[in-house]
Amino acid sequence: MDPFQLLKSRLTGILDDLAEAGTLPQGLDYGRVNVEPPREAEHGDVATNAAMVLAKPAEMKPRDLAEAIAGKFTGFDDVTEAEVAGPGFINLRLAPAFWQARIGDILAAGTAYGDSQLGAGRKVNVEYVSANPTGPLHVGHGRGAVVGDALAALLAKVGFAVTREYYVNDAGAQVEALARSLHFRYWEALGLQVGEMPEDMYPGEYLIPVAEKLAEKDRSNWPATPEKKRVLGESFLLEQFREIAVDAMMEMIRDDLAALGIVFDRFSSERALVEAGGVDKVLADLEDRDLVYTGTLDPPKGKESDDWEPRPQLLFRASDFGDDVDRPLKKSDGSWTYFATDMAYHFDKHTRGYRDMIDVWGADHGGYVKRMHAAVKALTAGGGNLDVKLCQMVNLMDGGEPVKMSKRAGTFVTLREVIDEVGKDVVRFIMLTRKNDAGLDFDLKKVLEQSRDNPVFYVQYSHARCHSVLRHAAEMFPDEDFSPAALTGANLGLLADEAELDLIKSMAEWPRVVEGAAEAHEPHRIAYYLLDVSGLFHALWTKGTREDASLRFLNEQDLGLTRARLALVRGLALVIASGLEVMGVTPVEEMR
RNA sequence: GGCCCCGUAGCUCAGCUGGAUAGAGCAGCGGACUUCUAAUCCGCAGGUCGCAGGUUCGAAUCCUGCCGGGGUCACCA
C-alpha cells in the first residue's frame, strides 16, 4: 500500500466531511490536490497543498481552510501532529508505528512491492531499437534499447498490458545496398571477385561470415558466373540475397539484444506491411478525407543543397495537424517514402488496439517527431496517443578521454563489444542514469570502479550488504527462520532510531516513485531513487558500526531486536531488487 | 533561416508534471578502520537556477523574447 495514497484517501474523506458540514461547497474538484513528502524534512513527514488549491473555489482564506482540515487530521491515532505552515501547507507528522507498518507491506509483497493498478490493464505499445537491419548495433542503439525496455517494465509494473515491439525497416534502399553487399561478399567467398568494394555498399566485416556460410552451404544454388547471373536476373538475385542478409542481420541484432536481456514480443516488418497493402489502405483513407495532394515543396531554407530541384510530389497535409510543412509520401521513382510506411505502421499499431503508443528514438530523428504526431492525430482522429522519447547521444569515454570512433579506421565500437567488456548489468544501469533528453557520458573505466562515484557499484553494494547481514544472521542464529514470511511477525516497533525511520520512510516512497516514473515515462527516476535509498542504508550501517554499536543489525543477546532489524534489511533488499528488476539489472548478493 | 533538445555549485548531474530556506556525487578542506565488507560514512565550504519580461497565493519548473551550446532540415531510414 502506498502510504501517500492512503493519506490522500483520508484527506478526501475529510474534504467530503467538510463539504457535508457546509464548510466547503459541494462538488469541488480535488484534481490538483497533492499529498507528498515535503522537500524539507523539517516540515514533517507528509505535506498537502489542499488548502491552497481549494481556497479560491471555496472562497476561503488558505490558512483558515488549512486549519479546518488540519483539525480533522488530528483525529487519527497515527497522526501525531497536523500543522499549518507557510502560505497554507498542512504538514503532518505520523507516528513511528505508521511507518513501521510499511515494512510489513513490503515483506508481504516481495519484489511486487510498488506494483499497482494504475494502468488498469490498458494496452500500451512500446516501440524501441528498430535499428535498420544493416549491421551491428552501436552504443547509441543500446541506450534506446535499455530505456525502452525499462520503460516497458515500468509500465507493466503499474498494470498496463505492455507490448515490446521492434519495427524492422526491411523495405528501403538501404537493405538493397545490404543485399548487394552480401552478394559481393558471396562472390568474394567463392573466389570469383577481386578488387575494392564499391562505395555504396556496406564494408563491415560482419557480412563475410554470412557470405562464407552461404558459399559453403548453397554453392550450387546461386549463380557463380556472370552468365548465370544474367539468366536469373538482377532483381531475383537481389531479392534472394536481401532476404538472407536481413535474416542474418536480425539474428545478429537479436543476439546483441539478448546479451542485454532484451526480448521483444513482436517484430513488425515494413516490407510485410507494404505487401499486405497497409500503405495503400492508409492512402485511400487519406484521399477520402482530402488529406493528400500533389504539390511542390519549397527548398529547405538556410542550408545550401546542390542537388535540390523543384519536384511535384504526393504530399500529406501534415501542416493541418501541427507540423511545419506538408510531407512527401512518394519518392520520385514512385515507391513509398519512409514516412508513408511509418504512417501505415502507426495506423496498424492503433488498429491492433493500442491507444497509447510510445516510440523510443535516437536524437537524430528529432526532426521527425512533429510529423509523426501529425500522422497519428490524422489517422486516429485524435484517439491515438503517441509519446516519442528521444534519447540523446552517448559519448563513449575511456578514463576521461573520448573514444574516437570511425567506421573507416576500424575503431568503431559496437554495443556488443561494450557489453562484453563491462557486462550487461553495468550497461543497463548506466544507460538509465540520465534522463533521456540529456546527453550521457559512458566511461568504460569509471563504470567498473568500486567506489561511491560509480552508481552501479553503489547500489549493488547496498543490496549485497543486506544479504551479507542476512548470511551472518543465519550463522549467528542457525535455528531461526529469517525468511520474509517469518520476519512479518517481528516486533517492528523496535525500529525507533531516527536513521532507521528515515530509511523506512524512503522505502515507503517506492510505490509513489514507481507511479510517478511510469506516468512521466521516465525510467531514470528509478536509478536515482535507488541511489538515494542506498545512501540512507550505508549511512545507517556506518552509524551502527562506528558511532553507536546498539544500532548494529545483529545482536546475539537480543533475538527480538535482531528480528526487527532483519525485517528492515530484508525489506530493503526487496525494494532494491524490485527497482533493479524494473531496470533489468541483476541484484547481486555478494561483492567480490 | 525554421524546428527540436539542453543551459542549475569549479566539474558531472538530480530536482518528484507549480510549492516552503534549490539538492547529490566528484574535485577541495577536516574527521571516523581490533568491521554485520572503510568497496563505506560524518562534517565544512561552495548558487544572480543563461538574461529580461509575463502568468499567480507561489516559478529552476508554465508562456514570450533574446543570448550561448548541440541536433536536424525534399527525392535516406
Side-chain angles (χ1 to χ4, degrees), chain A residues 32 34 36-40 42-43 47 49 52-53 55-56 61-62 85-89 91 130-132 134 169 171-175 270 296-303 305 307-311 313 315 323-325 327-328 330-333 335 337-339 341-342 362-370 390 392-393 433-435 437-439 441 449-455 457-458 460-462 464-465 468-473 475-476 509 512-513 515-517 519-520 522 524-525 528-529 531-532 535 538-547 552-555 565 569 590-591:
Chain A
R32 291 179 56 214
N34 290 329
E36 54 191 12
R39 301 204 168 179
E40 297 289 326
E42 298 143 33
H43 293 141
N49 62 350
M52 290 180 294
V53 172
K56 192 175 259 186
K61 286 184 185 166
F89 286 100
N91 294 329
S130 297
N132 292 337
T134 53
N169 301 129
Q174 302 199 357
V175 285
E270 177 187 8
T296 307
L297 291 171
D298 292 333
K301 292 188 174 98
K303 185 195 161 202
S305 184
D307 57 347
W308 189 89
E309 53 188 52
R311 179 181 296 131
Q313 286 172 303
L315 301 172
D323 200 357
D324 305 314
V325 293
R327 302 293 182 179
K330 272 191 179 173
K331 301 183 212 166
S332 48
D333 66 359
S335 63
T337 60
Y338 177 78
F339 177 56
T341 55
D342 211 5
D364 54 338
H365 290 59
Y368 199 76
V369 176
K370 271 195 181 181
L390 286 183
Q392 291 293 326
M393 298 248 291
T433 53
R434 292 284 176 269
K435 53 187 172 204
D437 42 24
D441 289 345
E449 274 174 19
Q450 299 201 329
S451 75
R452 174 71 184 88
D453 201 18
N454 177 7
F457 168 76
Y458 192 73
Q460 291 282 31
Y461 184 38
S462 66
R465 266 188 158 172
S468 169
V469 173
L470 290 163
R471 281 192 298 272
H472 277 92
E475 284 171 27
M476 194 180 278
E509 279 188 49
R512 196 174 167 277
V513 170
E515 287 205 350
E519 278 180 323
E522 290 186 350
H524 76 277
R525 290 192 199 178
Y528 280 93
Y529 169 78
L531 281 166
D532 203 52
H538 288 307
L540 175 61
W541 176 290
T542 308
K543 201 174 171 188
T545 307
R546 306 288 153 207
E547 293 170 36
R552 291 166 71 96
F553 298 112
L554 303 179
N555 185 331
R565 298 220 165 121
V569 169
E590 201 169 355
M591 308 293 284

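Since the structure is predicted, the reported quantities are computational estimates derived from the model, not experimental observations. By convention in this document, chain letters (A, B, ...) are assigned in the order of the sequence lines, proteins followed by strands, and residues within each chain are numbered from 1.
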*Is there a donor-acceptor pair under 3.5 Å between the side chain of T542(A) and the backbone N or O of H538(A)?*
yes

*Whole angstrom is fine here: how far is it from CG in N34(A) over to P in U17(B)?*
6 Å

*asked:* Output the rounded distance in Å from CZ (R327(A)) to C1' (U72(B)).
replied: 11 Å

*Can you check the F339(A) CZ to A74(B) C1' distance for me, whole Å?*
13 Å

*asked:* What's the gap between A32(B) and C62(B) when it is taken at their C1' atoms, as a whole Å value?
replied: 47 Å

*How close or far is atom P of C42(B) from atom CH2 of W541(A), stated in whole angstroms?*
15 Å

_Please report the distance separating the C1' of G1(B) from the corresponding atom of G50(B), rounded so that it comes out in whole Å._
23 Å

*Atom CE of M393(A) to atom P of G70(B): distance rounded to whole Å?*
11 Å

*In whole angstrom, give the distance that lies between atom CG of D324(A) and atom C1' of U72(B).*
12 Å

_Atom C1', compared across U21(B) and C66(B): separation rounded to whole Å_ = 31 Å

Any N/O pairs under 3.5 Å between the protein and nucleotides 24-32 of chain B? List them or say none.
{"unit_1": "G25(B)", "atom_1": "O2'", "unit_2": "D453(A)", "atom_2": "OD1", "d": "3.3"}

*Mind calculating the distance between CD (Q174(A)) and P (C76(B)) to the nearest angstrom?*
10 Å

*Q174(A) and N132(A): which non-hydrogen atoms are nearest, and at how many Å?*
OE1-ND2, 3.0 Å

*Flag if over 12 foreign heavy atoms under 6.0 Å of CE, M591(A)*: yes

*asked:* Base, sugar-phosphate or nothing for N91(A)? Non-hydrogen atoms, less than 4.0 Å.
replied: base

Under 3.5 Å, which protein N or O atoms sit close to an N or O of nucleotides 4-6 of chain B? Give each pair with its distance.
{"unit_1": "C5(B)", "atom_1": "O2'", "unit_2": "D437(A)", "atom_2": "O", "d": "3.0"}

*When you check every protein heavy atom under 4.0 Å of nucleotides 57-63 of chain B, what one-letter string (B, S, -) results, 5' to 3'?*
SB-B---

*If only side-chain N and O atoms of H472(A) are considered, is one of them under 4.0 Å from the OP1 or OP2 phosphate oxygen of U37(B)?*
yes

